Amino acid sequence: MSNAARLDNSPLPYLGFGLGLRTRHYQEILEHHPAVDWFEALTENYLVPGGKPLYYLDQVRAHYPVVLHGVSLSIGSTDALDQQYLAQLKTLATRIEPAWISDHLCWTGLNGRNLHDLLPLPYTEEAVHHVSERIMQVQEFLGRRLLIENVSSYVTYTDSQMSEWEFLNAVVERADCLMLLDVNNIYVSAFNHDFDARDYLQGIPAGRVQQIHLAGHRNHGEYIVDTHDEPIIDPVWDLYAEACRLFGPVSTMIERDDNIPPLVDLLAELDQARRIAADVDRTRLAEGDAA
Ligand SMILES: [Fe+2]
């Protein structure tokens with residue numbers, strides 16, 4: 001890949017508690033500067049130079065740290081990496097100076113056709129090799145480490161040779177990238193595929209987890225759909241507490257993509273995340289003192 005930059009491997013900062021940047025909240029954020037530590041912007045909304053979205057992102061960036069979260073990398077596909085998309089992403093990153101850039105451990109299309117879904121990969125050695133090579137190419141091109149997010153899924157492959165978390169670990173180790181761990185996605189996939197979400201968390205190396213996503217979903221009884229249009233449910237909060245116990249303080253963010261409520265509602269959910277993380281921290285300190 002051309003235009004390779006020197007890969008910056010230095011540790012990324014802890015940002016605290018953030019929200020997804022959504023159009024509905026632009027004005028309120030700029031007028032009132034709410035107590036959000038950082039915002040996650042959806043890369044694809046800001047790739048076109050000029051126009052309102054980029055204007056607002058620049059304004060938000062002037063007051064807050066921002067990270068970029070993409071859905072189009074299709075890192076697992078066998079199609080060639082989209083050079084135009086990568087060039088646009090690099091230009092945006094130069095402009096916004098995000099604390100980091102993330103995308104998903106998935107494929108979204110084949111033969112140039114976009115399926116508009118984040119599809120899981122078979123958990124095989126061949127896929128580990130394929131995906132990690134591509135992550136390394138992207139990292140080299142961007143000159144920075146990527147965060148790769150676990151997706152929620154509704155199908156599995158008979159070819160899979162390992163668990164999802166073993167696959168994620170293998171990819172991340174081989175590519176030397178970082179993880180964006182979506183706790184809700186783990187809950188959804190655990191329900192859909194009947195594994196224990198706590199086994200997943202316990203199988204993840206703490207040093208690789210740079211960011212956590214929290215979100216709501218729809219439970220249809222036999223299966224769960226990862227809709228991001230509801231408040232976070234208690235079992236997902238419990239799983240978040242477990243993640244805090246296992247991984248220590250991790251930059252945490254609430255992902256709401258549909259049925260977007262007033263900002264004040266999301267700030268209340270974010271406070272709940274803060275309280276849970278603080279409680280875990282206090283317990284850990286007390287246990288440390290007692291030891
Ligand atoms: Fe997510």
Side-chain angles (χ1 to χ4, degrees), residues 12 15-22 36-46 66-76 89 98-108 115-121 131 135 146-154 164-165 167-168 171-172 177-193 197 200-201 204 208-219 223-233 235-240 242-244 247 250-261 266 269-270 272-273 276-277:
L12 297 176
L15 295 182
F17 296 84
L19 286 179
L21 180 61
R22 303 293 178 259
V36 177
D37 298 332
W38 55 283
F39 284 96
E40 183 187 82
L42 292 170
T43 303
E44 286 72 14
N45 291 349
Y46 305 97
V66 165
V67 307
L68 291 175
H69 183 53
V71 293
S72 302
L73 198 52
S74 199
I75 201 73
L89 174 57
W100 57 77
I101 297 172
S102 62
D103 206 299
H104 301 81
L105 184 55
C106 71
W107 59 287
T108 59
L115 300 171
H116 301 286
D117 216 337
L118 306 174
L119 300 162
L121 288 155
V131 178
I135 293 172
L146 270 186
L147 273 62
I148 292 295
E149 178 179 359
N150 58 301
V151 294
S152 54
S153 61
Y154 311 92
E164 183 184 328
W165 55 96
F167 178 72
L168 176 60
V171 167
V172 165
C177 65
L178 295 166
M179 288 184 197
L180 193 182
L181 208 58
D182 189 314
V183 170
N184 176 62
N185 286 354
I186 294 175
Y187 181 87
V188 170
S189 293
F191 186 95
N192 288 344
H193 306 311
Y200 194 126
L201 285 181
I204 297 294
R208 293 281 180 188
V209 185
Q210 177 63 33
Q211 183 186 341
I212 285 177
H213 268 171
L214 296 169
H217 58 247
R218 295 256 172 129
N219 190 325
Y223 60 93
I224 294 179
V225 181
D226 185 27
T227 48
H228 295 188
D229 62 354
E230 297 276 340
I232 298 157
I233 63 166
V236 172
W237 285 123
D238 292 344
L239 214 50
Y240 175 57
E242 181 67 15
C244 292
F247 309 135
V250 176
S251 304
T252 296
M253 172 268 177
I254 293 174
E255 251 190 331
R256 188 67 174 257
D257 293 311
D258 216 341
N259 188 26
I260 294 176
L266 293 178
E269 265 195 314
L270 201 55
Q272 190 164 349
I276 288 169

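Given the structure is predicted, the values throughout are model-derived calculations rather than measurements. Order of appearance sets the numbers: ligands from 1, and atoms from 1 within every ligand.
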Quiz item: Is there side-chain contact between L168 and L181, with heavy atoms separated by less than 4.5 Å?
Solution: yes
Practice problem: Kindly indicate whether the side chain of Q211, heavy atoms from C-beta on, has any atom under 4.5 Å from the side chain of M179. | Solution: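 Contact flag for Q211/M179 side chains = no.
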With carbon and hydrogen excluded and only N/O/S kept, which atom of [X] is nearest the Fe ion (ligand 1)?
X    : result
E149 : OE2
E255 : OE1
D182 : OD2

Exercise. Pick out which of N150, L121, V131, L118 makes a side chain to side chain contact (heavy atoms under 4.5 Å, CB included) with C106.
Key: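 Testing C106 for a side chain to side chain contact (heavy atoms under 4.5 Å, CB included) against N150, L121, V131, L118 leaves exactly one candidate, L118.
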Exercise. Measure from the ring center of H69 to the ring center of H104 and say whether it is less than 6.0 Å.
Key: yes
Self-check item: Heteroatom test (N, O or S) for H213 near the Fe ion (ligand 1), limit 2.8 Å
Solution: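 Checking H213: at least one N, O or S atom is under 2.8 Å.
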